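Beneath this line is the structure, given in structure tokens, with notes to follow.
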Number of protein chains: 2
Amino acid sequence: MKSDLTRPIGVGLIGFGTVGRAFARLLTREAADLALRRGVNLSLVAVGTRGADTKRDAVLGAGVRWTSDLASVATDPRVDVVVELLGGIEPANGLIRAALGAGKSVVTANKMLLAKHGTALQQLAREKGAGLGIEASVAGGIPILRALRSSFTGDRVTAVSGILNGTCNFILTEMEATGRPYADVLEDAQRLGYAEADPASDVEGDDAAYKLALLARLAFGRDVSVDQIAREGITRLLPCDFVYAKRLGRTPRQLAVARVAPSGRLLLSVRTHFVSEASLLAKVTGPFNAVEVRGESGGPFVFSGRGAGGDPTATAVLADVVEIARGGAPGVQAPPLGFASLEPCTPAAAEEFVSPFYLRFIVKDRPGILADLARILAEHGINIDAVFQAPYEDKSALPFVVTLEPVSGEALAAALVAISSLDFHVVPPLALPMTE
Amino acid sequence: MKSDLTRPIGVGLIGFGTVGRAFARLLTREAADLALRRGVNLSLVAVGTRGADTKRDAVLGAGVRWTSDLASVATDPRVDVVVELLGGIEPANGLIRAALGAGKSVVTANKMLLAKHGTALQQLAREKGAGLGIEASVAGGIPILRALRSSFTGDRVTAVSGILNGTCNFILTEMEATGRPYADVLEDAQRLGYAEADPASDVEGDDAAYKLALLARLAFGRDVSVDQIAREGITRLLPCDFVYAKRLGRTPRQLAVARVAPSGRLLLSVRTHFVSEASLLAKVTGPFNAVEVRGESGGPFVFSGRGAGGDPTATAVLADVVEIARGGAPGVQAPPLGFASLEPCTPAAAEEFVSPFYLRFIVKDRPGILADLARILAEHGINIDAVFQAPYEDKSALPFVVTLEPVSGEALAAALVAISSLDFHVVPPLALPMTE
């Protein structure tokens, strides 16, 4: 489908929430400029949204057909490109399949759907010679997927990692700045619109895991599934962890990491890391996102920017529509994921994850705690790097921190089982990797 | 030209310096993997280099034709893609024109040539339906040109800026870390291979200006020429400037900036800025590069990575070759610069550059210096923010610093002419904008 100034490319939008509305307005505002300067003639011809009658937006012009019948947009003969901004699995999946099946190109920001069914959708797009644009599904306006698909083809990626969830990053950097506890800061985030009423998908790491699955497929050409990604939420961090982080020259960040282990298998995790204050990632604050790519020959490369929000995400959606109109989209031109086909993915075992660690305990003070800890760690062959115990008033809930020299995830897990059975814990111990 | 596994795409390399050798070895090492996993079948068939007989590299295999006749590579019928890594204007320009004229695609990292003749070359490529890959010409392995061409088409870019010269960044961050003077650190940089024997193009800002011209064309669709970019080198910075920078919570960075001024014209400059220590750019140290993009709807986005060196640059060259083999390269598919055509560029006047400034004087101490300065600044309507004068032993060469509230470049230039005529200067005054 090449753009032709005499016959505009019809865009059909399904979903009219924050991003859908921002996209519709952006497309309407930019259409004349895109035709004049970019040589791409786009026209919004249909909007499908539940309760279409109540949502009509006069800014979008009289030529737009508004409908509550979402499927009619996916099959509308005037529509060349379907933009799906509903979110969720169904009906999005069925609508996208219907559009691709009818030979229409599709642009979507639906990370959950792409993480779970993206490989099948990309296969269908390729069979039909239709474009499938997915840039907006990861890290909002940061063009990281296109970079992995087209710019890192000259290198072998060894690791892709990043701050992929703006909600978690906002909460962690607010906790750091204010010293307030998790629950209070979550309330602020909800009031400011940075967190959902039910924040579980964000704070437990599921959202970042969807995005990591997509990044890892593009980076490594392996069919990574969300279930293969180890996840640990940010909900157990306490104000004292931020005090110790600072003392260690570090700051807590939820990182999604996909890295080639020595065996060649992939280490896949979403968890909180103590990152060095000297790193670029430490400067990524509030709702911003960042992705770091390392290769055999190049890198580290860091891409940062606003990871969510209507306007930045809408620009990424529109850029995909423009690419499809130019005939250069994946599915139409290149292999959908930059690879001829995806290999199966076998995740690496925990023993391949080796890192220095921060261990924090909240204990009821009694003699012999350090002796017990030191004995169990030694029994598991783990070396202590430093011990931090500040004098506290409250002897019934005393923070107690040990940093460890590089240790495998497997050895640490075994040691933590033994440590957890001791009698002095007020809350379960917290273990966070320390990363440069 | 679509890749076909039965008939490999022939690559001809012209230039066998650091990047040329790294590219040839990378291509040879990765060819089998690219065919298998990326579906792109590439073969290095010819290397053109002066003194070819003495440079044969056995690693590249027996099938490679070595020649000192560079033009024969550009017109070799077995060559589908010509990779030009000579640098400089001629013979590179003539060779690229010959290759494009013969319908061959070209990949080049030649920033000086592209800055001066890139628009004409892109026009020629488009006429011939040949690809012209230029990603490696700016910021080494950082895929910023492709991002501007394909990913920011959904937004209107308002500013693109960055640390584009690794030599300057190495020198400035070394001066900061060690407190040593410019000349000493330059010698280190030369010994380490970060600076040329004749460093003028790097330290005077020409190299960054070539790159900025390319970035600005892709960002704004205007035909920016190198002559339109104001340039000021890093050679006048003194150790005391780094002391004052730290006191101001800032760090000196050579920034290349292209920004839409209130009039709609472009502000174009390469100069040293005092950037805030809180910014991401302050964390970009040593020979690393970074580019920041701001748009009406999205941003700021920051892309950072290794900006030079054989291996990272070679990966960017290879990614362009892969894109051409897939049929998706500019010239073949999209408009060469992402825009249908480039508009003429009229740079903004100095009066549109408004910024707080750092002013540093080295003075022979005498009574009334501050009074003279304050009077002249007031006469030009310029407000002083703060004055820094540390007690120094050497009264014959005393650093004296004034920070200014936001002032236009025009008013400041006029004031500096008047100030420079005063009798107390040991060296000419230094004025640096202070940027967030």
Side-chain angles (χ1 to χ4, degrees), chain A residues 22 26 30 33-34 36-40 135 140-143 146-147 150-156 221 278-280 282-284 290 293 295-306 309 311-323 326-328 333-335 338-341 343, chain B residues 22 26 30 33-34 36-40 135 140-143 146-147 150-156 221 278-280 282-284 290 293 295-306 309 311-323 326-328 333-335 338-341 343:
Chain A
L26 180 69
E30 296 298 321
D33 190 75
L34 285 168
L36 185 67
R37 304 184 71 215
R38 302 283 188 179
V40 170
E135 184 64 63
I142 307 176
R146 192 174 282 107
S150 302
S151 297
F152 289 103
T153 48
D155 200 355
R156 295 199 198 193
S279 76
L280 277 177
K283 292 289 160 194
V284 177
V293 180
E296 277 183 12
S297 301
F301 298 101
V302 176
F303 304 73
S304 86
R306 214 171 275 280
D311 286 339
T313 307
T315 67
V317 172
L318 182 54
D320 271 356
V321 174
V322 169
E323 187 171 35
R326 285 177 174 168
Q333 287 297 332
F339 288 93
S341 63
E343 298 166 13
Chain B
L26 180 69
E30 296 297 321
D33 190 74
L34 286 169
L36 186 68
R37 303 183 71 214
R38 302 282 190 180
V40 171
E135 184 63 63
I142 306 177
R146 191 173 281 109
S150 303
S151 296
F152 289 103
T153 48
D155 200 355
R156 296 199 199 194
S279 76
L280 277 177
K283 292 288 159 192
V284 177
V293 181
E296 279 183 11
S297 301
F301 298 101
V302 176
F303 304 73
S304 87
R306 215 171 275 278
D311 285 339
T313 308
T315 67
V317 172
L318 183 54
D320 271 356
V321 175
V322 169
E323 188 172 34
R326 283 177 177 169
Q333 286 296 331
F339 289 93
S341 64
E343 298 166 13

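Because the structure is predicted, anything quoted here is derived from the model rather than measured. Throughout, a chain's letter reflects where its sequence line sits, starting with A, and its residues are numbered from 1.
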Side-chain donor-acceptor pair present, Ser151(B), Arg146(A), cut-off under 3.5 Å: yes
Partner chain A: residue of Ala278(B), Ala147(B), Ser150(B) with the largest heavy-atom pair count (under 4.5 Å): Ser150(B)
When Gly221(A), Gly141(A), Ala314(A), Ala290(A) are compared by non-hydrogen pairs under 4.5 Å with chain B, the top option: Gly141(A)
Ile142(A) side chain near Phe301(B) side chain, heavy-atom distance below 4.5 Å: yes
Most contacts with chain B, counted as non-hydrogen pairs under 4.5 angstrom, among Ala22(A), Ser304(A), Ala282(A), Gly295(A): Ser304(A)
Value rounded to 0.5 Å, distance of OG1 in Thr153(B) from CG in Asp33(A): 11.5 Å
Chain A contacts, top residue of Leu318(B), Val322(B), Leu280(B) (heavy-atom pairs, under 4.5 Å): Leu280(B)
Engaged part of Leu34(B) at the chain A interface, taking heavy atoms whose separation is under 4.5 Å: side chain
Approximate separation, where rounding is to 0.5 Å, of Glu30(A) CD and Ser297(B) OG: 7.0 Å
Pairs of heavy atoms under 4.5 Å with chain B: top-ranked of Val321(A), Asp311(A), Thr313(A), Val317(A): Asp311(A)
Inter-residue atom distance Leu26(A).CG - Glu296(B).CD, 0.5 Å rounding: 9.5 Å
